[in-house]
Amino acid sequence: MTAGTEVVPIASGQVTVCWRASRQARRISMRIDPRSGHVVITLPRGARRTDGLALLRAHSAWVAAGLSRLPPPVDLCHGGHVVLDGRRHEICHCPDARRGVWLEDGVLHVSGAEEFVPRRVSAYLRAQAQAHLPARLRAQAESCGLKPTQVRLRDTKSRWGSCSSDGSIMLCWRLVMAPLEVQHYIIAHELAHLRHMNHGPDFWLLVDRLTPHRRQAEKWLHDHGASLHRIAPV
C-alpha cells in the first residue's frame, strides 16, 4: 500500500483519508489531522487498504465526533482575523503600502498583491514566534536558575513542547498565538524537565511552583488549542 489521499464514504457522510505506509508500525492506526481535517490511516508492512477501511468504518462514529469538534479553518485573507499572544487582530490588505506586514492599533496590515496575503501573514506569525518564544524561554529559565542547552522551534502536531535528555528544548511555533499565561505554562513545563525527566510528583510540584496558573492554562489548551492548528502553513 502506497501513500495517497482519497475521499471515502462512511455512515455520517464522506471523509478525506490520507494513507500512510510504515515499516516501523506494528498495527494499523488512525488519527484525525487537526490542521487539514483529514483522517490519517497508517498501515504497517503487509496490511491492506481494505483492513484500513474496515477500521475506519468500525469507528465511524468516533471519526464523525472528532471532526465535528474541530474548529473551522482559519482563513488568513483580507477581512479575516489572526491571533497573537491571545489577542485577535483583523487582517487588512493595503495594496498601495510599501511596509510589508505590520501591526498597528489592533490591525495587522499587509502590503503587496492580495494573493500573497496568506503567505505573508503566515511568515509574519513564524517570525514573531522566532523573535519572542526563545527569548521568553530564556528569561524564564534565568529567573528559576535552569539552563537549557538549546531552544528550537518546530511545527508539531501533537506536542506543544519537548525536552531532551541533553537539555535541548523544542517549542511549537504556534504557541505564539496562545495567551501569554499559556505560553508561560508550556515553557515552565519543559523547563521542569531539565530537573525531572518524567511526569512524577516531584515534576508536577516544580511545575506548580514555576507556573501557579497551570490549571487555567491547561483548560485553555483543552478548549482552544486545536484552533491554533487550523492555520495551515503557507
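Keep in mind that this is a model prediction, so the values were computed, not measured. We count residues from 1, following the sequence as given.
- Ring geometry for H199 versus F203: interplanar angle over 60°, hence perpendicular rather than tilted (30 to 60°).
- Taking the side chain as every heavy atom from C-beta outward, I169 and L191 approach each other to under 4.5 Å.
- Residues C163 and E190 form a side-chain contact, since some pair of their non-hydrogen atoms from C-beta on lies under 4.5 Å apart.
- With respect to the salt-bridge test (charged N to carboxylate O, under 4.0 angstrom), the residues R195 and D202 do not qualify.
- Not less than 6.0 angstrom separates the ring centroid of Y185 from the ring centroid of H213.
- A side-chain N or O of S164 and one of D166 form a donor-acceptor pair less than 3.5 Å apart.
- The ring-ring contact (aromatic ring centres under 6.0 Å, His included) test applied to H93 returns no partner, not counting sequence neighbours.
- Aromatic ring pairs are classed by plane angle as parallel below 30°, tilted from 30° to 60° and perpendicular above 60°; the pair H109 and W102 is parallel.
- Looking at Q183, its side chain does come within 3.5 Å of a backbone N or O of A178 through a donor-acceptor pair.
- Between V176 and D85, the closest side-chain pair of non-hydrogen atoms falls below 4.5 Å.
- For H38, there are no ring-ring contact (aromatic ring centres under 6.0 Å, His included) partners at least two apart in sequence or on another chain.
- Side-chain atoms of C18 and D33, non-hydrogen and from C-beta on, never get closer than 4.5 Å to each other.
- Within the 4.5 Å cutoff, the side chain of L228 has heavy atoms near those of the W160 side chain.
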